[in-house]
A.B. asks: 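Structure in structure tokens, see below.
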Number of protein chains: 2
Amino acid sequence: MAKNKRNIDLKVKQDELENTASRLFLSLGYEGTSMNRIARELGVAPNTLYWYYASKDELLVGVLNRQMSDTLARLPTIAEKPLKEKMAWALREFEQSRELVATVHARLEQSDVIREWHDQFHRFVETAVIHTLRADGVARERAATLATVGTFLVEGLLSHPHSPRQREAILQWFADSALPSQPPS
Amino acid sequence: MAKNKRNIDLKVKQDELENTASRLFLSLGYEGTSMNRIARELGVAPNTLYWYYASKDELLVGVLNRQMSDTLARLPTIAEKPLKEKMAWALREFEQSRELVATVHARLEQSDVIREWHDQFHRFVETAVIHTLRADGVARERAATLATVGTFLVEGLLSHPHSPRQREAILQWFADSALPSQPPS
DNA sequence: TTTGCTCTTGAATGACATACAAGAAACGTG
DNA sequence: CACGTTTCTTGTATGTCATTCAAGAGCAAA
């Protein structure tokens, strides 16, 4: 009863799988989405997924990478904006994935694949943020510290409910403390 | 085959359950610890646990409350220390529970009991930190923002591996930015 | 002794991630 | 075109998990 073969190639099929998985992960959460459910949605047998991904965690990594590259594509949009707006943008960017962020952190200790992805992700973000800060004239050591702090603030805001006023206050305070000589945005 | 009755009362038994659960949660993680395993360790049938707790999440809440009250008992120790040391203390205090912190965040959306505990926890911490800051002469609005930021930094440090130098740098930077007029500790 | 409460249990249930081996379709080579 | 190999898909099974249910055992009060 196997159907399509070489006419659709691997990448295209993975795209399809990851799109569906992504949609379900975002709406039902990672734990709330069973492999069975994803397969049903796709009209395939549950174990078919295991031909493409060794585990549910690997599928999650695929979904995360897809979202990362989407976000990266939108990055140039805010390249020239001030720090505060960059952080607000990142926050908006990851807001839909809020639940997945928590899932990644929770699975760090249980899944090597997830931990590797997470570490790589942080190295990447940290490097990028440090570059930005240094371009604004921040010293190397200080830039590294600020990059970590900025990341923690974004993650904190992502995982805790808060009002727009709180968000605004936190970002403003951070921007002021990080770049005291910067003109207001 | 039922054994002990009125001679040991509810609280004592719950103490025993939570002690064992706590030890296992901390060493194997929440997901890594099955109800079966906890029961085996206690020498009881798995479903016995459900007489004391409606669900695994409620057992986790019991464990969290226990740890919280332990921590609260140690709180006076650092009441008079400067901000930076208070944060370092909190960090040390929660370090063993690192994995549980991540678990709580991941289960927020799936478990009402956990969400309620989490919200209450944050309200409590926030209130306490704001009080401390206000005693140091920080204005109300600013104190609220700083309390949230401080919390996010502690949570960030808890859930991400880092060197002692990084920790020191982050805490120092935060303390300096939060209380610019404070004498060095 | 009977009734009822508190606690414990054995045995199930249904969901889940995943493993295994067999089969169908397409391909590459003769 | 024939045929073995590779790529994909499936039915079926496994073991683990949280949780449920109904039946008790021990104890206390009536």
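Sequence lines set the chain letters: A, B, ... in the order given, protein chains first and strands last, and positions in each chain run from 1.
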A.B. asks: Rounded to whole angstroms, how far apart are CG on B:L49 and C1' on C:dT9?
C.D. replies: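 Spelled out: CG on B:L49 to C1' on C:dT9 is 12 Å.
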A.B. asks: Expressed as a whole number of angstroms, how long is the span from B:W51:CH2 to D:dA25:C1'?
C.D. replies: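 Computing the B:W51:CH2 to D:dA25:C1' distance gives 14 Å.
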A.B. asks: Rounded to whole Å, please give me the gap between NZ in B:K11 and C1' in C:dC7.
C.D. replies: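 In whole Å, C:dC7 C1' and B:K11 NZ are 17 Å from each other.
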A.B. asks: Who passes side chain to side chain donor-acceptor pair (under 3.5 Å) against A:T33, sequence neighbours left out?
C.D. replies: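 For A:T33, no residue satisfies side chain to side chain donor-acceptor pair (under 3.5 Å) once neighbours in sequence are set aside.
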A.B. asks: Starting at CZ of A:R40 and ending at P of C:dA15, how long is that distance when rounded to a whole Å?
C.D. replies: 10 Å
A.B. asks: Spell out, yes or no, whether B:V63 and B:V61 are grouped together once hydrophobic residues are joined by side-chain heavy atoms under 4.5 Å, including indirect joins.
C.D. replies: yes
A.B. asks: If a pair satisfies salt bridge (charged side-chain N to carboxylate O under 4.0 Å, His left out) and one of its residues is in residues 40-55 of chain B, list it, with sequence neighbours excluded.
C.D. replies: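 Salt bridge (charged side-chain N to carboxylate O under 4.0 Å, His left out) check on residues 40-55 of chain B returns B:R23-B:E41, B:R37-B:E41.
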A.B. asks: Output all residues satisfying side chain to side chain donor-acceptor pair (under 3.5 Å) with A:S55, sequence neighbours left out; order by chain, then residue number.
C.D. replies: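 Per chain and number, A:S55 pairs via side chain to side chain donor-acceptor pair (under 3.5 Å) with no residue.
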A.B. asks: Please report, rounded to the nearest Å, how far the P atom of D:dT9 is from the CG atom of A:L42.
C.D. replies: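 After rounding, the gap between these two atoms is 10 Å.
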A.B. asks: What protein N or O atoms touch nucleotides 18-21 of chain D N or O atoms at under 3.5 angstrom, if any, and at what distances?
C.D. replies:
from: D:dA18; atom 1: OP1; to: B:K56; atom 2: NZ; distance (Å): 2.7
from: D:dA18; atom 1: OP2; to: B:M35; atom 2: N; distance (Å): 2.8
from: D:dT19; atom 1: OP2; to: B:Y50; atom 2: OH; distance (Å): 2.7
from: D:dT19; atom 1: OP2; to: B:K56; atom 2: N; distance (Å): 2.8
from: D:dT19; atom 1: O5'; to: B:Y50; atom 2: OH; distance (Å): 3.4
from: D:dC21; atom 1: N4; to: B:N47; atom 2: ND2; distance (Å): 3.4

A.B. asks: From C-beta outward on B:K13, which listed nucleotide comes closest to its side chain: C:dT9, D:dT9, C:dT8?
C.D. replies: C:dT8
A.B. asks: Which pairs, with at least one residue in residues 146-157 of chain A and sequence neighbours excluded, count as a salt bridge (charged side-chain N to carboxylate O under 4.0 Å, His left out)?
C.D. replies: none
A.B. asks: Can you pull out every salt bridge (charged side-chain N to carboxylate O under 4.0 Å, His left out) where at least one residue sits in residues 46-61 of chain B? Sequence neighbours excluded, please.
C.D. replies: B:D57-B:R107
